[in-house]
Colleague: 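To start, I am sharing the structure in question, which I have written as C-alpha cells.
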Amino acid sequence: MRAHVIFAVIILFGAALVSSSQPPPREQVGPLAGGGFLLNTGWRVKPAGVQIPLDTLPMSAVLSKDGRFLVVLNGGYNPPSLRVLDTKDGHEVGRTPVTDAWLGLAFSPNGRTLWVGGGSQASVYEFSFDANGKLAPARTFEIVKGARSAADFIGDVASDPDGHLLYACDLYHDAIVVVNAQSGIVIDRFKTGRRPYRILFNPDGKSFYVTSWADGSLYRHQTSNGTLLQTLRLGAHPTDMVWRDRATRAEDGEGQQGEVGFKARIFISAANTNNVYAAGVSDNGDLRVVETINVSTTPEHPLGMTPSALALSADQSRLYVVCSDANAAAVVDVTSARSLVLGFIPTGWYPTAARALADGRLVVLNGKGSPTGSASFIPALTDDSLASFTAEVKSDSPYTDEKLDEIPAGIPAAIQHVIYIVSGAENAGPNHQKLAREFVTFDNFYANGDNRADGINWSTAAIASDYVEKMSPSNSAGRNLNPGFEGGEPAALPPAGYLWTNAAAAGISMRNYGFWVVNEVVLDPALAKVTNLKYRGAQEFLADLAAFGSANQMPALIMMRLADDQATDQALGTIVEAVSRSKFWGSTAIFVVEASPQKALGRSSALLVSPYTRTGAVDSNIYNTTSVLRTMELILHLHPMTHFDAAARPMIASFSQQPK
C-alpha cells in the first residue's frame with residue numbers, strides 16, 4: 001500500500017515538473033479561460049450584471065414615463081433601429097427600424113410620443129408609444145426639404161417642458177432647429193456652438209443648455225428666441241449633461257456645514273479629458289463651474305478615460321460616469337460640494353450611455369462587441385460589490401502609473417531615425433511578405449481600429465476620439481458622408497493631439513508625406529512647414545531622400561501615408577530598398593502598419609525593418625497599433641499620448657543589439 005502511495009506521489013510530482021516546464025499559453029485576442037475577453041486594445045472586459053444583446057453601436061437610451069421600458073437607439077454600421085427592453089429583466093419587447101438615427105431620443109411629457117434624431121436624413125422621426133411598450137411610426141418632420149447635402153445632419157432632440165416645441169441639434173450647421181410639435185413645421189433656427197451635441201432644458205422652461213462638441217463649452221440660450229445668454233468654458237469635447245436639483249452640502253469659510261448658493265447643479269462630461277465638470281445654476285439660470293471631478297483610475301493617469309455619458313441615481317445621490325475608453329462606469333457621491341469617486345463598475349466594450357432605474361439597478365449600453373453591442377443590467381450596488389467591481393476594473397487594465405516613466409532596455413541606441421508608414425488598404429503583397437521573412441514576422445499583431453476612419457486615428461493618436469467612434473460606423477455604412485476623419489473636422493481632434501503634435505512640442509525634426517493633406521492643403525498647422533505638398537507616391541520621397549543624403553541630415557521622424565490601392569506594395573518595396581542603400585540605413589527603423597484590421601478579432605499585419613531586426617525570426621508576442629507607437633516614442637524620447645500607448649507592449653523582442 002505504501003509503495004502505491006509513493007508511486008502516486010512520484011507520478012504527481014513528475015506531472016507537476018512537466019507542467020511547470022511548459023511555456024505559458026500564447027496570449028491572444030479572444031475569450032479568456034477565466035472568463036471575460038481580451039480586446040485588441042490590450043484591455044480585458046468582464047462586464048458586471050446580465051448582458052442583453054443589441055445591434056451595432058447602441059448609443060443612447062431613454063426610460064418610459066412609468067419606468068417599465070427602456071428604448072435603445074442603435075446607430076452603428078447595421079441599419080439603425082430602436083429596441084424596447086423590459087426593465088424588469090431586460091428582455092426585448094420589440095424592435096423598430098429607422099431610416100437613419102443618431103443619438104437623439106426624447107419622450108413627450110405625457111410619455112405617449114417618442115421623437116428620434118434622424119441623422120443623415122436631416123429629419124426628426126415621431127413614433128407613438130403605448131402602455132405595452134409598442135412603438136409605431138407616426139410622422140416625419142423634415143428639417144431639410146428637397147435635396148440634402150452631407151452637412152445636413154440631425155443629432156440630439158429635446159422637448160420643451162410643456163411638449164409644444166422640439167429643439168434639435170443641426171450638427172454640422174452649428175445650429176439649433178425649433179419644430180412645432182403639433183404641426184411638424186420648422187419655426188425657428190439659430191446659431192450655437194460648433195458641433196452641438198446635447199440639449200438640456202432648465203425645468204423652468206425659460207432657458208436651455210447646449211454642449212459644444214468642438215468648442216469645449218456649454219452654451220445657455222433663451223428659449224423664446226434663441227438668444228445666447230452665457231458661454232461657460234469647460235474641457236475638451238463636452239458631451240452629456242444631467243440636472244441635479246437636490247441640496248448640496250458644503251462647508252463655509254468657518255468650516256460649518258451649510259448649503260451651496262445654487263438652486264441646482266449641471267454635471268457635464270468632457271470626453272477628451274478625464275473629467276466631469278459641475279456647474280452651479282443660480283436662481284436666474286446663470287452658470288459657474290464649481291467643481292472638476294477627475295474619474296481617472298490612478299493618480300497620474302494620462303488621457304484616455306473618455307467620460308462621454310452620465311446618469312443620476314433615482315435619489316440623485318450618485319452620479320454614474322460612463323468612461324468609454326476604460327470600459328467602465330465611475331460611481332461618484334455627489335451629495336457634498338466636493339464630490340467623491342467611490343469606485344468603478346466593469347462594463348462591456350466601449351460603453352456609450354447609462355440609465356439608473358428606480359430600484360437601484362443600472363443599465364449600461366456597450367457600443368461594441370463581438371459582433372454587436374449590448375446592454376448590461378447591473379444589480380443595485382453594495383459596498384462589497386463596488387469594491388469587487390473596482391478591483392476588477394483595475395485588473396482589466398494593462399495600464400499602471402509605473403509605465404509612464406518606464407524605459408525598457410533592448411532598443412539599440414544607434415537607431416536615431418524613424419520612418420512610419422501607414423496604409424489604409426490590406427498590404428500583404430509579395431514585397432510585404434518578403435520583408436517579413438527577411439526581417440521579422442509578427443504573427444500575433446492586431447489593429448486597434450475597427451474600420452479605416454478610426455484606424456487611421458488609432459495609428460496617429462493612440463486613440464480614436466469619441467467623435468470618430470460615434471461617426472465612423474455610419475460613415476462606413478454609407479449614411480453619414482461627412483469627411484473629416486483625417487483632419488479638418490474640429491470635433492474629431494484626439495485628446496492629446498497626434499504623433500506629430502507631440503514630436504513638434506519636443507523639438508523633433510519631421511517630414512510628412514500625405515498625412516492630413518487634401519488638394520495640397522495641409523489640415524493641421526503642426527504639419528504645415530514639414531509637409532511635402534508634391535507627394536503623390538514613392539518618387540517624391542526618393543527625391544527628398546537624395547537631398548537628405550547630400551545634406552548629410554535626415555529628419556528624425558518621417559511619416560508617410562500610402563495610397564489605399566494595389567500600388568501600395570510596390571511603393572513599399574521601392575521605399576525600403578532606397579533607404580537600405582542610403583547612408584542613413586544603419587541608424588533607421590521603418591515601421592509599417594495598416595489602419596484597419598484584415599481579419600476577425602482585429603488581426604492585422606505589421607513590419608519592422610532595420611539592420612537591427614534582420615533576423616528572420618517570428619515574434620509571437622501580442623502587439624497592436626499602439627505597440628508600434630510606443631516603440632517609436634521610446635526611440636524618439638517622446639511621452640505617451642494616452643493610456644493606450646502608455647500601456648502598450650513595446651516591440652523590444654524584435655531587436656538585436658548588432659546590425660546585420
Side-chain angles (χ1 to χ4, degrees), residues 415-432 434-435 439 452 455-457 459-461 483 485-488 498-501 503-504 508-596 605-611 628-629 632 635-636:
I415 298 178
Q416 300 294 314
H417 301 97
V418 167
I419 299 177
Y420 184 36
I421 300 174
V422 179
S423 167
E426 183 175 342
N427 184 23
N431 287 323
H432 190 283
K434 179 177 181 295
L435 289 168
F439 291 88
R452 171 180 160 175
I456 194 68
N457 281 269
S459 301
T460 54
F485 301 111
E486 297 187 43
Y498 301 97
L499 175 64
W500 53 81
T501 315
I508 302 295
S509 57
M510 294 184 289
R511 188 67 165 159
N512 173 46
Y513 301 87
F515 280 102
W516 275 228
V517 180
V518 176
N519 297 327
E520 298 191 7
V521 175
V522 182
L523 302 177
D524 189 326
L527 293 174
K529 295 182 179 180
V530 299
T531 296
N532 185 330
L533 292 176
K534 297 179 181 179
Y535 173 70
R536 299 294 183 275
Q539 295 307 312
E540 286 77 20
F541 169 73
L542 298 186
D544 274 2
L545 183 63
F548 298 151
S550 298
N552 203 33
Q553 187 174 8
M554 186 169 80
L557 174 60
I558 290 175
M559 301 162 293
M560 191 175 303
R561 181 80 164 86
L562 286 184
D564 300 340
D565 55 36
Q566 295 301 314
T568 295
D569 187 67
Q570 181 179 351
L572 176 64
T574 300
I575 291 164
V576 172
E577 181 179 7
V579 174
S580 68
R581 296 176 182 275
S582 75
K583 64 177 62 177
F584 305 106
W585 173 240
S587 60
T588 298
I590 303 173
F591 296 82
V592 184
V593 299
E594 295 164 4
S596 55
S605 63
L607 289 174
L608 175 46
V609 177
S610 169
V628 173
L629 288 168
M632 294 190 296
I635 293 172
L636 298 171

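For clarity, every value in this text was computed on a predicted model and none was experimentally measured.
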Colleague: Counting N and O atoms only, with roles assigned by atom type, does the side chain of Tyr420 sit under 3.5 Å from a partner on the main chain of Ser459, one being a donor and the other an acceptor?
Modeller: yes
Colleague: Around Lys434, counting heavy atoms of other residues, nucleotides and ligands shown, do more than 12 lie under 6.0 Å from its NZ?
Modeller: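 No, because the 6.0 Å sphere around NZ of Lys434 holds 12 heavy atoms or fewer from other groups.
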Colleague: Measuring only between side-chain heavy atoms, which start at C-beta, is Ser423 closer than 4.5 Å to Val592?
Modeller: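 Side chain of Ser423 against side chain of Val592, heavy atoms only: no contact under 4.5 Å found.
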Colleague: With a 4.5 Å limit on heavy-atom distance, are the side chains of Leu607 and Val576 in contact?
Modeller: no
Colleague: Do Met560 and Tyr535 come close enough that some side-chain heavy atom pair is under 4.5 Å?
Modeller: yes
Colleague: Is any side-chain heavy atom of Ile456 closer than 4.5 Å to one of Phe515?
Modeller: yes
Colleague: Among side-chain atoms of Trp500 and Asp524, is any donor-acceptor pair under 3.5 angstrom?
Modeller: yes
Colleague: Would you compute the distance between atom CG of Leu533 and atom CD of Glu540 and round it to the nearest 0.5 angstrom?
Modeller: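 Spacing of CG (Leu533) from CD (Glu540) equals 11.5 Å.
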Colleague: Met559 versus Thr460: any side-chain heavy-atom pair under 4.5 Å?
Modeller: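 No - every pair of side-chain heavy atoms lies 4.5 Å or more apart.
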Colleague: Can you list the residues that meet the ring pair (Phe, Tyr, Trp, His ring centres under 6.0 Å) rule with Phe541, with sequence neighbours excluded?
Modeller: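 If we apply the ring pair (Phe, Tyr, Trp, His ring centres under 6.0 Å) test to Phe541, skipping adjacent residues, the hits are Tyr513.
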Colleague: May I have the step-by-step check of side chain to side chain contact (heavy atoms under 4.5 Å, CB included) for Leu545 and Phe584, ending in yes or no?
Modeller: CA-CA 9 Å; Leu545 183 63; Phe584 305 106; 4.3 Å; yes
Colleague: Working to the nearest 0.5 Å, report the span between CD1 of Ile635 and CD1 of Ile415.
Modeller: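 Answer rounded to 0.5 Å: 5.0 Å.
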